[in-house]
Number of protein chains: 2
Amino acid sequence: MDIPQPGEVRRPTIEGVRRLNLGRVLRLVHATGGVSRAVLTHETGLNRSTIAALVAELEAASLVEEQAPSVTGQVGRPSPLVAPGDRVVAIAVTPELDAVTAEVVSLGGRRLARVRREVASVPTPEETVEVTVSILEELDHALRGRLVAGIGLAVPGLVREREGLVVLAPHLGWSDEPIGQRLGAATGLSVVVSNDASLGALAESRFGAGRDVPNMVYLHGGPSGIGGGLVLGNAPLGGVDGFAGEIGHTLVVGSGRRCDCGASGHLDAEVRREELFAALGLSDAEGDRIDEALREAYEHGPSAELAELVDRDLELVAVAIANTANVLNPRLVVLGGFLSALVVVAGDRLRERVAELALPGVAASLAIEPAALGPSHIAVGAAELAFEPLLDDPLAFRFPATAVS
Amino acid sequence: MDIPQPGEVRRPTIEGVRRLNLGRVLRLVHATGGVSRAVLTHETGLNRSTIAALVAELEAASLVEEQAPSVTGQVGRPSPLVAPGDRVVAIAVTPELDAVTAEVVSLGGRRLARVRREVASVPTPEETVEVTVSILEELDHALRGRLVAGIGLAVPGLVREREGLVVLAPHLGWSDEPIGQRLGAATGLSVVVSNDASLGALAESRFGAGRDVPNMVYLHGGPSGIGGGLVLGNAPLGGVDGFAGEIGHTLVVGSGRRCDCGASGHLDAEVRREELFAALGLSDAEGDRIDEALREAYEHGPSAELAELVDRDLELVAVAIANTANVLNPRLVVLGGFLSALVVVAGDRLRERVAELALPGVAASLAIEPAALGPSHIAVGAAELAFEPLLDDPLAFRFPATAVS
DNA sequence: ACGAGTATGTTTGCGAAAGCAACATATAGC
DNA sequence: GCTATATGTTGCTTTCGCAAACATACTCGT
C-alpha cells in the first residue's frame, strides 16, 4: 500500500536478499515486457544459476512465464524469453468531471480492457465507488482467473497517499474523503490513491520520455489545472504526505491573479487551459486534439491573439521550470497535457528562455521534452502504483481471494 | 567519492549484506558518538550474535573501540559501549574571502583541531591548495598515527560533485576549477567538494535541527548570498550534477532587482545580508553575533527602518519557503546563517505567512526552525561528506598510506 | 547476604542463498 | 560436419545471519 520511501532500509537478512533479487528480476520483466534470461543475468549482475532459480520461483507463482527463445541470429545457445505472466493485472480508476473510467492493465503494461462510464453530474466519492464496482462486475469475464494486484486511483487534487485520503480535490468537490478505504472495502482489493500528475510522472518516467532518466520533473496541464510530479533517483518523490510536486502552485508573476489556493501569481492561476482552448476554438471535450490543433494553427500562421497567449504562457512556464530546476537540478523536464502542445510548437523558444532564467550549470544539463505517452498515461501510472507492492516483494504478496476464480 | 544516489542498488550478493550491515552499524556508532551493543541490536533488528561479529570486525579494522559498560542502573547484564575509533578522522576545508580554514574532525563528530589561516586577498584555487597543504603540515603531530578518511571541501558556489569541479563561485572569483583533483594530488588524500549550503543541510540533518527528520529543506544565508540544501529520505539530494538546492535563485517578486545569475526578483537578490547588517550597525566580521544583535534590537524595540527591513525579508523568505514546500512537501525547513536570526525574532509571523502562502495540506505538516548548530556546521557537513564512503562500505575502504604513520 | 529475575554476551550448529566450476546444449560461421 | 561461442544445468562451496543453549552480570526483594 505504501510507496517505499528512499532511505527505508529493507531488513538486511539473507532472505531479504532473495526478496530484493526476486523484485529486481520481476521489475525488469515488467519494465521491458519480456526479456531473455541472458539479459537478466547481465542486467542484474547475478550468476546464471541464480537467475535460473529466481525465474523458476517467479514462474511457480505464475508471475512470469518462460517462453521458447526467439530467433535472434546470434552465436551461442539461445536464451529463453521471460515474459510477464498474463494472469496478473492491476486496475486503474480515474474519476473525472463527467465520467468514471476503469482500465485493466496487465503486468508488462498491456491494456486489456477499458470501460468509461459517463455520469450525469460530477461524481461524489460514493458514486465513484459504486460505478467502479459496477464496472468491475461488467469486466467479470475479463477478470475471471486473473490475479488482481490492486486498484490504483488517480485523483486531481491533494492526496495523503499513506492513508488513501483525498484531502482536497477542488474540481471534484471532494475534501477529506477516505476513498481508499471505502473502495477497498467495496471491492476487497487493496487500493492506492495518488495525485493524477504524480501518476503521470511515474508513467512517463517508466515508459515514456523519462525512460532511463533517473532525475525527472513532470508538469501536467489538465482540465483541473497544472500539477506536477517528481521522480528523483528513479523513485517517485511523494514528500511527507504525498503532496510533493505541486509545481502549479509556484510564484511566476508578482501581484498576479488570485489562485484557488489563496495566494496570487501562481502558475496554475496564470496559465489556463481554457484560454488556450478558447483561442483555438476548441471545445472542452476535444482535449486530446490540442497538440494537433495548435500545430495546425502554427503551420498556417497563428492569429495575433493566439501568438500572444502562447508567448505569455511560454514565458510563465519557463519561469516555473527554471525555479524548479534550480532547486532540483534534474536531467529532464517533461510537459504533459496541454502543456506538451507548447513544446511541440515552440520548444526551442521555451528551452532558450529556461536557459536564460535558470542557473547556467543547471540549464546546461537540462532537457525539456513533450510527454511521449498518450492521454491514457495517467491510468498507466495508476496501474504502476498498484503493482508496486508486488514488484517490491513478489513472493510475500498475497492476491485477494475474491479475484481468483 | 560519490554521494550514493537513492535508487542506486548495491550489489545484492551475500557479501553485500555484510557490507551493508557493517555500514549500518558504523553509521549508528558515528551518528550517536557511541552506543551500547544492546542498542545496536535493537536499532538494526539484527541478532545479538550478528552484532557481536560485526562489531568485532569493525574493531579489528580500528574503526570502533569497545569500552567497559557504563553504569546504567538497569536490570540485566550491562552491554559494552561501542565508541568510534579515535584514530579515524576527516579534514574539512573551507576557503573564505579572507581566510582558509582546515579542521580535523574525528569519527563521531568531535572536533580535534582547527587552524584558520588568514590570506591577504581572496584565495585562488592554487592558494587554497597551498594553504591547506601547509596547514596539514602544521597539524602533522595531531595527524600522526591517525587514519584520514579524506578531505571535504566546502565552496560557496556551483559544484559538480562527481568531478570535484567548481563550476562557478562568484564570490571567490573561481570558475571551472578542478580543485578536487588538485587538492587530491597535493595531499594524497581523497577529496570531495560540495556546495557550502548543501553541506550545512547535511550537518543540520544529521546532528542539528533535522535529527530524526527524513525530509528536510535547509536555507542558508551566508556572506556570499542565500543557498540551500535538500535532504530527502535521509539522503542528501544533489541532483544530476550536484547543483540541487539553489533555493536562493527562486522568483519571489515580479520585476525585482537584478540577480547575479542574470534573472530578476530572485530571493538571493532581494534579501541581502549586508542590508540587515547595516541596519543593525554590525560590521561584516561580526557575522556570528547576528542572532544575538537582532534579538537585542527587538527586545528594546527595533527602529522603524529595521522593522521594515525585517518584515520585507520575512515576507520574501516566506514566499520562497512556500514555493519550495509546495514542490517538495518536507516535514521541516531549517534556516541557517543570518536567516536563522529572522526565525528567532519573528518565527511565528514567518510560520503564519508560510501557512497562508503554501497549500493547506503542505503547510499543516511543515515546521520551520532555526539552525541548531553553530557557525562551524558547514565544516561538520564537509567532514560528514568525507566520511561517507567509509560509512558506506567500511571494510572496503582503504586509507591512504601517507597518512598512516 | 543471598536467591530470583532479567537482560545481555558467547558459543555452536543450522539453513538459506549466491557463487563457481564442470558439463551439457543449441546456435552461427566456415 | 567441425569449431567457436553463449547459454542452460547440476552439484559443491562459501558466506552469512539466526536460533538455541548456556554463561555472566546486574537489580530487586527479603
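Within every chain, numbering begins at 1; the chains are lettered A, B, ... in the order of the sequence lines, protein sequences first and strands thereafter.
- Checking the phosphate oxygens (OP1, OP2) of D:dA19, a side-chain nitrogen or oxygen of B:Asn47 falls inside 4.0 Å.
- The separation between B:Leu20 atom CG and D:dC16 atom P is 13 Å, rounded to whole Å.
- Between A:Arg37 and the phosphate of D:dT7, there is no side-chain N or O to OP1/OP2 separation shorter than 4.0 Å.
- The side chain to side chain contact (heavy atoms under 4.5 Å, CB included) search around B:Ala113 returns B:Val104, B:Leu139, not counting sequence neighbours.
- Atom CG of B:Leu40 is separated from atom P of C:dT8 by 12 Å (rounded to the nearest Å).
- At a cut-off of 3.5 angstrom, the base of D:dA6 holds no donor-acceptor pair with the side chain of A:Ser79.
- Between the side chain of A:Ser49 and the base of C:dC20, a donor-acceptor pair under 3.5 Å is found.
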Heavy-atom protein contacts under 4.0 Å, nucleotides 22-30 of chain D, coded B base, S sugar-phosphate only, - none: -BBBBS---

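- To the nearest 0.5 angstrom, B:Leu46 atom CG is 4.5 Å from B:Asn21 atom CG.
- In this structure, the nucleotide among C:dA18, D:dG8, D:dG17 sitting nearest to the side chain of A:Pro80 is D:dG8.
- In this structure, B:Arg18 places its CZ atom 16 Å from C1' of C:dA16, rounding to the nearest Å.
- Computed from coordinates, the A:Leu54 CG to C:dG19 C1' distance equals 13 Å when rounded to whole Å.
- A:Gln181 is linked by a side chain to side chain contact (heavy atoms under 4.5 Å, CB included) to A:Pro178, counting only residues two or more places apart in sequence or in another chain.
- For A:Leu373, the side chain to side chain contact (heavy atoms under 4.5 Å, CB included) partners two or more places apart in sequence, or in a different chain, are A:Ala203, A:Glu204, A:Phe207, A:His377.
- Remark: B:Asn21 is in phosphate contact with D:dG17, judged by side-chain N or O atoms under 4.0 Å from OP1 or OP2.
- Between the CZ atom of B:Arg24 and the P atom of D:dC16 there is a distance of 16 Å, given to the nearest Å.
- For residues 32-42 of chain A, the pairs satisfying side chain to side chain donor-acceptor pair (under 3.5 Å) are A:Arg37-A:Glu66, with sequence neighbours left out.
- If you measure from atom CZ of A:Arg19 to atom C1' of C:dA17, you get 14 Å, rounded to the nearest angstrom.
- With values rounded to the nearest 0.5 angstrom, B:Phe399 atom CZ is found 5.5 Å from B:Leu63 atom CG.
- Using a 4.0 Å heavy-atom cutoff across all strands shown, A:Ser36 reaches no nucleic acid atom at all.
- Rounded to whole angstrom, the span from the CG atom of A:Leu46 across to the P atom of D:dT7 amounts to 15 Å.
- At whole-Å resolution of the value, CG in A:Leu395 and C1' in C:dA17 are 14 Å apart.
- Within the structure, no pair that satisfies the ring pair (Phe, Tyr, Trp, His ring centres under 6.0 Å) test touches residues 52-74 of chain B, not counting sequence neighbours.
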